[in-house]
Every structure is written in C-alpha cells, then in structure tokens.
2 protein chains.
Amino acid sequence: MAKHDPGLDHIFTALGDPTRRAILARLAQGPASVTDLAAPFDMALPSFMGHLKRLEAAGLVASHKDGRVRTCALQPQALGPAADWIAEQRAIWEARLDRLDAFVLSLAKEQKE
Amino acid sequence: MAKHDPGLDHIFTALGDPTRRAILARLAQGPASVTDLAAPFDMALPSFMGHLKRLEAAGLVASHKDGRVRTCALQPQALGPAADWIAEQRAIWEARLDRLDAFVLSLAKEQKE
DNA sequence: GAGTTACTTAGGCACATGGCTAAGCATGAC
DNA sequence: GTCATGCTTAGCCATGTGCCTAAGTAACTC
C-alpha cells in the first residue's frame with residue numbers, strides 16, 4: 001500500500017469541482033488573465049479567486065501579476081502523479097485479471113490431458 | 001469546453017481522500033469484506049462505511065451482502081473517465097507545445113535564409 | 001437459546017466548502 | 001488628477017464533510 005501523499009489529496013480534490021476543471025481545460029489551451037478565466041462563470045470574483053487559489057495550492061496552476069493583471073498558467077506536470085496513481089491501480093487490476101486468465105487456462109489444459 | 005459531468009465530480013472527489021484511495025488500492029488486488037478493508041484504519045466502522053458509500057456512489061466500488069458479510073469489489077472501468085479527462089488536458093497542452101516548437105523552428109528557418 | 005460477529009441506523013460535532021456582498025488597494029487610461 | 005479597471009480583503013451564510021458515540025438488526029457459532 002502506497003504511503004499517504006497529501007499532494008494527491010489536493011490535486012484530486014481540486015479536480016472534483018466542475019468550475020475548477022473548466023478552468024484547467026481553458027488553461028490547457030494557453031495562459032489567461034483572471035478576468036478572461038472568470039468571464040464564462042456567473043460567479044462573484046472573490047468566489048472565483050477562491051477556486052484559483054485552490055488550484056494554485058494543488059500546484060496545478062501558477063500565476064503572476066503584471067501591473068494590475070494576474071495571468072494564470074497550467075502546470076501540466078502536476079497532473080502526472082494523479083494520472084500515475086490511476087494507472088497504477090488499473091495495472092494492478094489488469095495483472096490480477098491476467099493471473100486469473102492464466103489460472104483458468106491451466107485448468108482447461110489439465111482437463112484436456 | 002467539455003460539458004459538466006457530475007460523474008467526474010464524484011469520482012475525483014472520492015479520490016481526494018487518502019482513506020478512500022487506500023481502499024481502492026486494496027481492492028485493486030481483489031475483493032474484500034468490509035471488516036478486512038476497515039482493519040488497517042483506526043476509525044469507527046460507521047465512519048468507514050461512509051467512505052465506502054462515497055466510493056459506491058461514484059461507481060468506483062460495488063458491494064453485495066452474503067449473509068452478514070458485505071464484500072466489496074473495485075469497478076476499474078469507473079476510473080476510465082477520470083484518466084481520460086487528465087489525458088485530454090495533457091494532450092491539448094502537448095499539442096500546444098508542439099505548435100510552439102514548430103513556430104520557433106519556422107522562425108529559425110526564416111532567419112537562416 | 002445465548003452469546004458473538006458483521007454490519008446498519010441515528011444523531012451529534014467541529015471544521016471546511018462554495019457561494020454571497022461590501023469595501024478597499026493598486027494600476028492604467030485619459 | 002480623475003475615473004475606470006483588475007484584482008484583493010473581510011465578513012457572512014447554508015450546506016457538506018469526516019469523524020465520533022450509542023443503539024439496533026441480522027446472521028453465525030456453540
């Protein structure tokens with residue numbers, strides 16, 4: 001069993017909100033200002049900023065302020081541990097299925113002899 | 001921008017808790033009873049059951065009761081949409097990087113001529 | 001049948017979350 | 001310098017979350 005990784009907590013939790021996923025999807029296409037990011041959402045700006053803060057805390061987004069404009073950018077490498085974790089569970093599961101297949105095949109082989 | 005998928009909310013949110021991730025990792029190795037699953041955690045059983053309920057609601061786990069024993073099993077296909085979503089954002093990002101590379105190369109080529 | 005085991009239900013609590021409004025600060029445009 | 005723009009801070013609220021204890025139901029063992 002893998003050790004507890006608080007980074008994974010933050011990442012998956014961040015991905016569990018539709019607004020935040022939409023933000024990430026937009027940023028995958030390129031950096032954007034807070035105003036541009038917030039435009040499609042009928043939400044008060046402080047609330048929207050809260051979402052951005054969550055994404056930054058998770059390491060999924062980085063932002064810098066140039067004058068009065070804050071520009072946000074996706075940190076795609078931060079998605080790696082999440083993808084890896086999922087892939088790992090599926091690999092373990094697949095390996096288990098393969099072992100099951102082999103077992104069934106060996107049974108069938110024995111019965112043939 | 002992809003449409004809102006409440007299933008993804010539940011899946012990612014479920015993955016955002018270390019206890020629930022540990023449960024899934026254990027179930028990737030094979031089905032297990034509630035008692036076996038709960039053993040490694042210093043937690044009251046009703047609280048633990050709450051985690052299982054969350055995983056079932058997300059479609060990540062299925063359980064059935066045989067007599068007084070409830071056995072839980074991983075539903076690995078439910079991890080597919082989450083993995084796909086992450087892969088999709090990374091693909092968009094990679095494609096963007098490729099376009100950037102091509103642009104820089106074309107600039108360098110023009111400067112050479 | 002009595003006692004044990006494996007859940008299940010119910011209620012409570014402290015804290016977190018996802019929103020809101022109001023007000024403020026800093027930068028930019030004219 | 002004035003006004004507009006783009007955030008930022010502060011406080012609030014209803015609901016949700018992750019735990020707890022207590023009590024209950026059903027199945028199992030002897």
Side-chain angles (χ1 to χ4, degrees), chain A residues 1 4-27 30-74, chain B residues 1 4-27 30-74:
Chain A
M1 179 157 54
H4 174 215
D5 180 356
L8 274 183
D9 298 354
H10 296 310
I11 293 170
F12 280 126
T13 304
L15 295 178
D17 180 81
T19 301
R20 292 200 284 271
R21 283 203 303 281
I23 291 170
L24 291 175
R26 167 61 187 81
L27 290 178
S33 68
V34 169
T35 304
D36 286 346
L37 287 175
F41 303 95
D42 185 24
M43 187 189 300
L45 198 57
S47 307
F48 189 81
M49 292 301 302
H51 283 302
L52 284 181
K53 285 204 169 183
R54 288 294 295 270
L55 289 169
E56 289 204 52
L60 292 164
V61 166
S63 71
H64 71 278
K65 199 162 184 182
D66 193 11
R68 66 187 181 180
V69 176
R70 178 172 291 280
T71 302
C72 305
L74 178 69
Chain B
M1 178 155 53
H4 175 213
D5 181 355
L8 275 182
D9 298 354
H10 296 311
I11 293 171
F12 281 126
T13 303
L15 295 178
D17 180 83
T19 301
R20 292 200 285 270
R21 284 204 302 284
I23 292 170
L24 291 175
R26 166 62 186 81
L27 291 179
S33 69
V34 169
T35 304
D36 286 346
L37 287 175
F41 304 94
D42 186 24
M43 188 189 299
L45 198 59
S47 306
F48 190 81
M49 291 301 300
H51 284 300
L52 285 181
K53 283 203 168 180
R54 285 295 295 271
L55 289 170
E56 292 207 44
L60 292 162
V61 166
S63 71
H64 72 277
K65 199 162 186 182
D66 192 9
R68 67 185 182 181
V69 176
R70 177 171 293 281
T71 302
C72 305
L74 177 68

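So that the names make sense, note that chain A is the first sequence line, chain B the second, and so on, each numbered from 1.
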- Note on the structure: Among dT8(D), dC7(C), dC7(D), the one nearest any side-chain atom of Val69(A) is dC7(D)
- Query: Are any side-chain N or O atoms of Asp66(B) and backbone N or O atoms of Val69(B), one a donor and one an acceptor, separated by less than 3.5 Å?
  - Reply: no
- Query: Rounding to a whole Å, what distance do you find between Lys53(B):NZ and dG16(D):C1'?
  - Reply: 16 Å
- Taking only the side-chain heavy atoms of Thr19(A) (C-beta and beyond), determine which of dT9(C), dT17(D), dG19(C) contains the nearest atom. dG19(C)
- Query: What is the distance from CG of Leu55(B) to P of dT17(D), rounded to the nearest Å?
  - Reply: 13 Å
- Message: What I want to check is whether an N or O donor and acceptor connect the side chain of Arg68(B) with the base of dA27(D) at under 3.5 Å.
- Response: yes
- So what does Thr35(B) touch, heavy atoms closer than 4.0 Å: a base, only the sugar-phosphate, or nothing? sugar-phosphate
- Answer yes or no: is there a side-chain heavy-atom contact under 4.5 Å between Thr13(B) and Asp17(A)? no
- Between dT17(D) (P) and Met43(B) (CE): distance, integer Å: 15 Å
- Note on the structure: The residue, Phe48(A) or Thr71(B), whose nearest nucleotide of DNA chain C is more 5′ is Thr71(B)
- Message: Rounding to an integer number of Å, can you tell me how far Phe41(A) CZ sits from dC7(D) P?
- Response: 15 Å
- Task: Let me know the distance between NE2 of His10(A) and P of dA16(C), rounded to the nearest Å.
- Result: 12 Å
- Message: I need the CG-P distance between Leu52(A) and dG19(C), as an integer number of Å.
- Response: 13 Å
- Item | side chain to side chain contact (heavy atoms under 4.5 Å, CB included) between His10(B) and Arg54(B), intermediate numbers included | CA-CA 8 Å; His10(B) 296 311; Arg54(B) 285 295 295 271; 5.7 Å; no
- Query: Do Asp36(A) and Arg26(A) pass the salt bridge (charged side-chain N to carboxylate O under 4.0 Å, His left out) test, and can you show the C-alpha distance, the side-chain angles, and the key distance before you say yes or no?
  - Reply: CA-CA 10 Å; Asp36(A) 286 346; Arg26(A) 167 61 187 81; 5.4 Å; no
- Task: To the nearest 0.5 angstrom, please state how far the SG atom of Cys72(B) sits from the NE2 atom of His64(B).
- Result: 9.5 Å
- Would you mind classifying the nucleic acid contact of Gly50(A) as base, sugar-phosphate or nothing, using non-hydrogen atoms under 4.0 angstrom? nothing
- Query: Of Ser47(A) and Lys65(A), whose nearest nucleotide on DNA chain C comes first from the 5' end?
  - Reply: Ser47(A)
- Task: Check every atom of dT17(D), dG18(C), dC7(D) against the side chain of Arg20(A) and return the nucleotide holding the closest atom.
- Result: dG18(C)
- Item | Trace of the side chain to side chain contact (heavy atoms under 4.5 Å, CB included) decision for Leu15(A) with Leu24(A) | CA-CA 9 Å; Leu15(A) 295 178; Leu24(A) 291 175; 3.4 Å; yes
- Note on the structure: Looking only at dG19(C), dC7(C), dA22(D), the nucleotide nearest the Leu45(B) side chain is dC7(C)
- Item | Parallel, tilted or perpendicular: rings of Phe41(A) and Phe48(A) (30°, 60°) | tilted
- Once you round it to whole Å, what is the distance between C1' of dA26(D) and CZ of Arg70(B)? 12 Å
- Message: As a test of reading the structure: which of dG18(C), dC7(D), dC19(D) is closest to the side chain of His51(A), going by heavy atoms?
- Response: dG18(C)
- Query: When the distance from CE of Met49(A) to C1' of dT9(D) is rounded to whole Å, what number comes out?
  - Reply: 11 Å
- Query: Given dC20(D), dA10(D), dC7(D), which nucleotide is nearest the side-chain atoms of Val34(A)?
  - Reply: dC7(D)
- Item | Test log, rule side chain to side chain contact (heavy atoms under 4.5 Å, CB included), inputs Ser63(A) and Thr71(A) | CA-CA 5 Å; Ser63(A) 71; Thr71(A) 302; over 6 Å; no
- Query: If we fit an axis to the first five pairs and another to the last five of the helix from dG1(C)-dC30(D) to dC30(C)-dG1(D), what angle do they make, to the nearest 10°?
  - Reply: 30°
